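Data block below; observations after.
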Amino acid sequence: MPVQPVKTFLLAIPKEQLDTWLNTLIYSDIQFEPLSPLELPGNWQHVRFGQHQAFKFSTELALLEKVLAYYQPTGLLANLTDTRLVASWSEVNQAKDSLENTLQLAQLVDQYQQLQRLTKQIQKLIKQFKLPISHLFVGQNLEQFEAELHDFVESTITTFSQRHSQEPPLTIQKPACKLFSVGDYQILVVEGESGLEVVKTFLQTSQWGQKVETLTSFIQAIQNQLGDLKADLITKNFDPDNPNEDSLKQLAIAHANLQLQKLVSECSQKVFQIADNAKILFLFVALVKDEEAKLKSLVQTHNQVLAQEFEWPVQIVNWQNSGDLASFQTIGQAMGTISPKETDPTLITAILFSLFFAFCLSDALYGLVIALATGFLLFFRKPKPQLKNILTIFFWSGVATVVYGALTNSWAGNLFQKTPIGPILANLQILDPLSLNPMQANPELGLERNPVLNQWLIDAGNIHPIAALLGLTLMIGMISLFIGYFIKLNNDRKAKNWASLAFDISWVGFLISLFVYIYSLVSAQFSSQITLVIMSLFTIALFIFNEGKNLIGKIVKGLGSLYGLISFGSDVLSFTRLVAVGLTSSIIANVINQLGFLLYQSVNHQILGAILLVGFLLVGHLFNLVIALFGAYINPLRLSYVEFYPKFFKGQARQIQPLQKNSFYLNYLINN
Amino acid sequence: MELSTALVLLGVGISVGLGGVGSSFGLSSVASLSAGLLSKEPQKFAQALILSALPSTQALYGMLYGFLLLIQTGLLGSGAKPIDINLGLALFLSALPVGLTCFGSGIAQGKIAASGIKILAEKPENLTQAIVLAALAESFAVFGLVVSLLILLVGLSPYLQ
């Protein structure tokens, strides 16, 4: 079962035990998500409470009463005062225990590394300007400094002109300045000697003198700080410039602890109390796996903590497919999370998405390039989870494209048709959308179409290959939509929603009988009277089983459901995009080949022509591949989200988001 | 050179030109908004590029149809086929569905994708929603292209042997 319901618990924790309990919970191997009480129904209001964000119930007490009801018998709440309307974020602080020394070490090393980074940035900047270092100044909020400097120069010039009634000398011109940001600081670069004098005068006369310093003294200060830090670290047996294995491990432990402490404080943000001076604090948690026993045994070691199963109003589930299907699951997850009573559409999505992708990209060589590139990245580069999902989807879609492209004999368009392997590739062909001539494949090349395919097209009434392909995509569209309807039927059955099931059966029956009826009018295989009667029965069922409350409501809803036929038709028509987008990529590939060979013929030199040809083909096909990939990605997504998923997908559950304990440093510790 | 050839070239101009103009207008409205976003958050360049490039498919559809007209009439490739004035006019008219729909849908898709930039700014994890909403407008260009293709490749093909 890829979708599993998740158990939620309410924990009641004595206030003085909160720190130790949260630490115990985080450092245990239980995978859980702390739930925010704001997710509960009822009116919660944000208020300020000292240093913290706080919240309170404003109207609905029903849920609070429910929470309290669990604990009333134990007498734990006896100490609660009655000002229970105010609940606040707890004022949990970071744990202060034996970890303090290592945490301090980690912070010192961080500080050391930051300062080093700053020094490097500044040195890089100094190299960029070929000015002496005395022309550079450091400070914060230097935009204002520049503005004030400008005003200062203006006023100096005005006073000078008034006093001497002549133009001021060059020395009090406005200096040319440039600003650069380095970390938290800004660096001001002053060009020209006269400008430097002006800035220096301004610094002496204004209050900026204390805030802006020369780069020389700034670097000196950093170097001093770095020296102090290093000395401090070395007394703690840690050489920051040349760390040994042991000290690195020590550092990793410290960092892992820092991260876990962050999780503790994240957890503590979800803790709430019912009154200001309450002695019991509450926390909702959801457990990822069925780890009830682990939690219970952990609770028993803290004798005053209680855990009680609690029904969370939003259904929380763990939707997890294994292997490559997990990547395709992200397509559905963008729409919502399914509840355990819904059918998991991941496998069918994977098949349909790859199929649509293949139709849209439509070229075997392009598909091969995609599959090889993504396969290489997947197997040799170990991508991050999010990138891995997209690469996996592209890999399988690329494989599907190779198959489809081979069946339509499109290998970078008609690139290989003249080469010796051309006829071999042509033998694989069963569809011929690229042929612009209905009777013959590529007459100018004298190539005959696959005789089986040709016979089939002639049997079907001499239809054009592209018209045949359009028909095929309409069929695929209808099949996809019916798959959607059947998933909906299954969901109704699973949820025991009989009213909806009856209506959906009537709808599917109506559609099928309608098509059989239309077919029976054309061919004589079925009696059209009988199918007409069956269709009428299903139509009547549509009027009976809909959601209308009274007779008029039933009639209105029934007519509305008949209108659904139009949206069904437009949904099916929408699948013709598969042909249009596919033709775009393969015909433009053909055009690139054609232009390439024209270029080759127009150059008289054999070798030069060949080089030009290969270069042109590479650039052209790469360009076409990128553009085609774009269409091949968004159009299948659209078909999934707009046409396919709405037929059955509810997705109103919520996926559990457990605290992530597998960080870089923790992995480092485990692997060493 | 005959008048019918000129009519075919007018058709090529209609499909390539209107598609390109629609895409340019659409792309400019997304890209200029993207530039605004990138001034604050340059790390979102890749996503902004995807949204900005969405309205470029219309130009591609127009170009495809233009190429098809040239290939089918033999103006590109194997020597020009004889076309009478009526067929030339029909070929010109066949470019109208794809040209007009690509023009409109390119501009419309640009507007939708430009609004999608706001999704990218506030909730980048919901980028897919922005893309799907923009892809809605693409349908009409696709329908125009399908109808034009049917006219050219199925309806008019017996006259183009």
Side-chain angles (χ1 to χ4, degrees), chain A residues 330-331 333-335 386 433 435-440 442-445 462-470 473 570-571 573-581 583-588 590-595 597-598 624 626-628 630-631 633-643 645, chain B residues 19 49-51 53-74 76-79 98 101-102 109 113 125-150 152-158 160-161:
Chain A
T330 54
I331 296 176
Q333 234 159 4
M335 286 280 282
Q386 211 179 358
S435 160
L436 304 174
N437 184 319
M439 294 302 113
Q440 199 186 8
N442 295 293
E444 65 261 37
L445 297 176
N462 229 344
I463 52 174
H464 190 281
I466 290 185
L469 194 65
L470 274 176
T473 51
S570 72
D571 284 351
L573 271 186
S574 180
F575 282 78
T576 53
R577 77 185 56 240
L578 295 178
V579 180
V581 179
L583 276 187
T584 311
S585 47
S586 37
I587 290 184
I588 288 185
N590 276 0
V591 171
I592 289 168
N593 294 339
Q594 209 167 348
L595 292 179
F597 283 107
L598 280 180
N624 190 26
V626 170
I627 300 274
F630 209 67
Y633 181 58
I634 63 167
N635 282 301
L637 269 189
R638 182 222 136 96
L639 285 178
S640 309
Y641 289 145
V642 184
E643 270 82 24
Y645 272 59
Chain B
L49 188 70
I50 290 178
L51 273 179
L54 275 182
S56 61
T57 37
Q58 282 80 0
L60 202 72
Y61 295 151
M63 190 170 83
L64 164 77
Y65 195 71
F67 274 131
L68 272 179
L69 272 181
L70 291 177
I71 292 170
Q72 285 292 73
T73 52
L76 190 71
S78 57
V98 62
T101 52
C102 282
Q109 195 173 37
E125 67 274 12
N126 291 349
L127 181 70
T128 322
Q129 296 176 350
I131 292 178
V132 170
L133 283 178
L136 290 180
E138 180 140 340
S139 304
F140 312 114
V142 170
F143 292 159
L145 176 62
V146 168
V147 169
S148 286
L149 284 179
L150 282 177
L152 178 69
L153 298 176
V154 182
L156 296 180
S157 80
L160 276 167
Q161 293 307 308

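A, B, ... follow the sequence lines: proteins, then strands. Residue 1 opens every chain. All values reported here derive from a predicted model rather than from experimental measurement.
Between the CG atom of A/N635 and the OG1 atom of B/T57 there is a distance of 7.5 Å, given to the nearest 0.5 Å. Between B/Y65 atom OH and A/T584 atom OG1 the span is 13.0 Å, to the nearest 0.5 Å.
B/L149 touches chain A through its side chain: at least one heavy atom from C-beta onward sits under 4.5 Å away, while N, CA, C and O do not. Using a 4.5 Å cut-off between heavy atoms, B/L136 contacts chain A through both its backbone and its side chain. Contact annotation for B/A134: neither backbone nor side-chain heavy atoms come within less than 4.5 Å of a heavy atom of chain A. Residue B/L152 does not touch chain A at all, counting heavy-atom pairs closer than 4.5 Å.
Closest of all the heavy-atom pairs between A/Y641 and B/V132 is CD1-CG2, 3.1 Å. Here the shortest heavy-atom pairing between B/F143 and A/T576 reads CE2-OG1, 4.1 Å.
Checked against side chain to side chain contact (heavy atoms under 4.5 Å, CB included), A/I592 has the following partners two or more places apart in sequence or in another chain: A/I588, A/F616, A/L617, A/H621, A/N624. Applying the side chain to side chain donor-acceptor pair (under 3.5 Å) criterion to B/S139, with sequence neighbours excluded, gives A/R577, A/R638.
Interface summary for chain A: among B/T128, B/L150, B/I131, B/I50, the most heavy-atom pairs under 4.5 angstrom belong to B/I50. Most heavy-atom pairs under 4.5 Å with chain A, from the set B/N126, B/L60, B/L133: that is B/L60.
Here the side chains of B/L70 and A/V591 are not in contact, with every heavy-atom distance at 4.5 Å or above. A/V579 has its side chain out of reach of B/V146: every pair of non-hydrogen atoms, C-beta onward, lies at least 4.5 Å apart.
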